[in-house]
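Structure record follows, encoded as structure tokens.
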Amino acid sequence: MKVVVNDENNIIVYINNFHVDKVIFKEKEELEKYFLQLFNRLKKFYRIILQGYYDIKVYIDKFYGIIIQMKRDSIDYCDYFGNQIDMRITIEDNDSFLYHIDDIFSIDSKILKKVNIIRYKNNFYVKIIKPLENMEFAKLLENSTIIYDYEVNNVLKKGKPLNVFS
């Protein structure tokens with residue numbers, strides 16, 4: 001699990017498939033249990049105490065896992081006592097993440113057989129089409145930045161696929 005705290009009101013949590021524990025994110029009770037555990041982990045291991053109202057977006061990818069964007073709303077918190085949390089959770093219907101890379105030659109040939117390369121606005125993106133081995137996935141993550149929000153749709157709709165084996 002990787003946690004990025006942009007400021008006290010914006011937190012992004014990256015959780016790969018090893019740590020998702022087969023959670024069914026479409027069921028409300030499962031989500032509530034999972035977020036209770038997540039908040040406890042954030043408090044225990046990262047010393048992040050959450051309180052107030054949060055708008056939470058969950059992005060799911062079958063190859064990577066999940067990314068959770070948590071934005072604290074700036075409403076008046078006088079109704080909250082202690083460390084109570086209220087939240088609105090939205091599951092985003094993105095079916096895949098993309099990986100922005102600077103240099104397509106940094107991608108191993110074994111990985112290239114399991115991905116598509118897309119060019120969009122003079123940038124290169126990798127879309128995984130077959131499961132990667134753990135070390136292959138680690139190499140891809142090391143050489144890329146994960147794209148998971150609205151930009152994915154733009155790249156997929158307007159980008160040009162590259163044939164790297166021709």
Side-chain angles (χ1 to χ4, degrees), residues 1-27 30-31 34-35 37-39 41-42 45-48 50 54-72 87-166:
M1 178 164 65
K2 174 182 168 183
V3 177
V4 176
V5 180
N6 294 325
D7 58 43
E8 65 184 27
N9 295 323
N10 295 297
I11 300 170
I12 302 172
V13 181
Y14 298 83
I15 305 172
N16 62 26
N17 278 331
F18 302 117
H19 301 289
V20 176
D21 300 326
K22 309 291 186 228
V23 176
I24 302 169
F25 284 93
K26 303 284 183 185
E27 295 181 14
E30 287 284 326
L31 268 176
Y34 185 78
F35 276 101
Q37 292 171 353
L38 176 64
F39 295 153
R41 273 189 254 150
L42 290 174
F45 297 111
Y46 297 92
R47 302 192 193 295
I48 298 172
L50 303 171
Y54 286 85
D55 185 19
I56 298 174
K57 291 185 181 179
V58 179
Y59 299 88
I60 303 171
D61 178 72
K62 67 181 178 182
F63 297 113
Y64 178 81
I66 62 173
I67 296 177
I68 302 169
Q69 275 187 329
M70 302 169 48
K71 292 186 180 184
R72 185 166 68 184
M87 62 189 127
R88 184 182 80 190
I89 301 171
T90 307
I91 307 289
E92 295 295 326
D93 288 334
N94 250 0
D95 62 349
S96 66
F97 294 169
L98 297 177
Y99 302 86
H100 176 260
I101 55 173
D102 293 322
D103 181 11
I104 59 173
F105 298 110
S106 67
I107 304 299
D108 189 285
S109 62
K110 291 179 184 178
I111 296 173
L112 287 174
K113 294 177 183 178
K114 300 177 182 179
V115 302
N116 287 335
I117 306 291
I118 302 166
R119 185 175 182 187
Y120 176 66
K121 291 187 176 179
N122 294 324
N123 292 301
F124 296 102
Y125 299 87
V126 172
K127 179 178 183 196
I128 299 173
I129 54 174
K130 294 180 184 174
L132 299 175
E133 306 270 333
N134 289 341
M135 289 305 295
E136 292 172 339
F137 207 88
K139 286 180 185 178
L140 177 62
L141 288 173
E142 185 177 309
N143 293 301
S144 66
T145 304
I146 300 174
I147 307 298
Y148 56 89
D149 53 11
Y150 63 89
E151 189 177 350
V152 170
N153 292 331
N154 288 337
V155 173
L156 293 177
K157 287 179 184 175
K158 300 174 185 172
K160 304 271 190 239
L162 299 179
N163 188 350
V164 292
F165 290 112
S166 57

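Minimum interatomic distance between Asp61 and Ser96 (heavy atoms only, all atoms of both residues): OD1-CA, 3.0 Å. When every heavy atom of Lys110 is checked against every heavy atom of Asp108, the shortest pair comes out as N-OD1, 2.7 Å. Scanning all heavy atoms of the two residues, the minimum distance from Val152 to Ile147 falls at CG2-O, 3.3 Å. Minimum heavy-atom separation, Ile15 to Tyr64: O-CE2, 3.9 Å. When every heavy atom of Ser144 is checked against every heavy atom of Ile101, the shortest pair comes out as CB-CG2, 3.7 Å.
The shortest distance between side-chain heavy atoms of Leu112 and Ile117 falls below 4.5 Å. Proximity of Val3 to Phe45: side-chain heavy atoms (C-beta onward) are nowhere separated by under 4.5 Å. Considering only heavy atoms from C-beta on, Ile66 comes within 4.5 Å of Tyr34 through its side chain. Taking 4.5 Å as the limit, some side-chain heavy atom of Ile146 sits within range of a side-chain heavy atom of Tyr99. Taking the side chain as every heavy atom from C-beta outward, Ile56 and Phe35 approach each other to under 4.5 Å. At least one side-chain heavy atom of His100 sits less than 4.5 Å from a side-chain heavy atom of Asp102.
Among the candidates Val5, Asn9, Ile11, the single residue satisfying the side-chain contact (heavy atoms from CB on, under 4.5 Å) test with Asp7 is Asn9. Of the options Val58, Asn6, Ile12, a side-chain contact (heavy atoms from CB on, under 4.5 Å) to Gln69 is made by Ile12 and by none of the others.
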Run the side-chain contact (heavy atoms from CB on, under 4.5 Å) test on Val155 and Lys158 for me, step by step, so that the C-alpha distance in whole Å, both residues' side-chain angles and the decisive distance to 0.1 Å come before the verdict. CA-CA 5 Å; Val155 173; Lys158 300 174 185 172; over 6 Å; no
Query - side-chain contact (heavy atoms from CB on, under 4.5 Å) between Ile67 and Asp149, worked out - result: CA-CA 10 Å; Ile67 296 177; Asp149 53 11; over 6 Å; no
(request) Check the pair Met1, Leu38 against side-chain contact (heavy atoms from CB on, under 4.5 Å), reporting the backbone distance first and the verdict last. (result) CA-CA 10 Å; Met1 178 164 65; Leu38 176 64; 3.8 Å; yes
Run the side-chain donor-acceptor check on residues 128-137: report pairs under 3.5 Å with partners two or more places apart or on a different chain.
from	atom 1	to	atom 2	distance (Å)
Glu136	OE1	Lys114	NZ	3.0
Glu136	OE1	Glu133	N	2.9

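Residues satisfying the side-chain hydrogen bond (donor to acceptor under 3.5 Å, both in side chains) test with Asp103, not counting sequence neighbours, are none.
Using bins of under 30°, 30° to 60° and over 60° for the plane-to-plane angle, the ring pair Tyr59/Tyr148 lands in the perpendicular bin.
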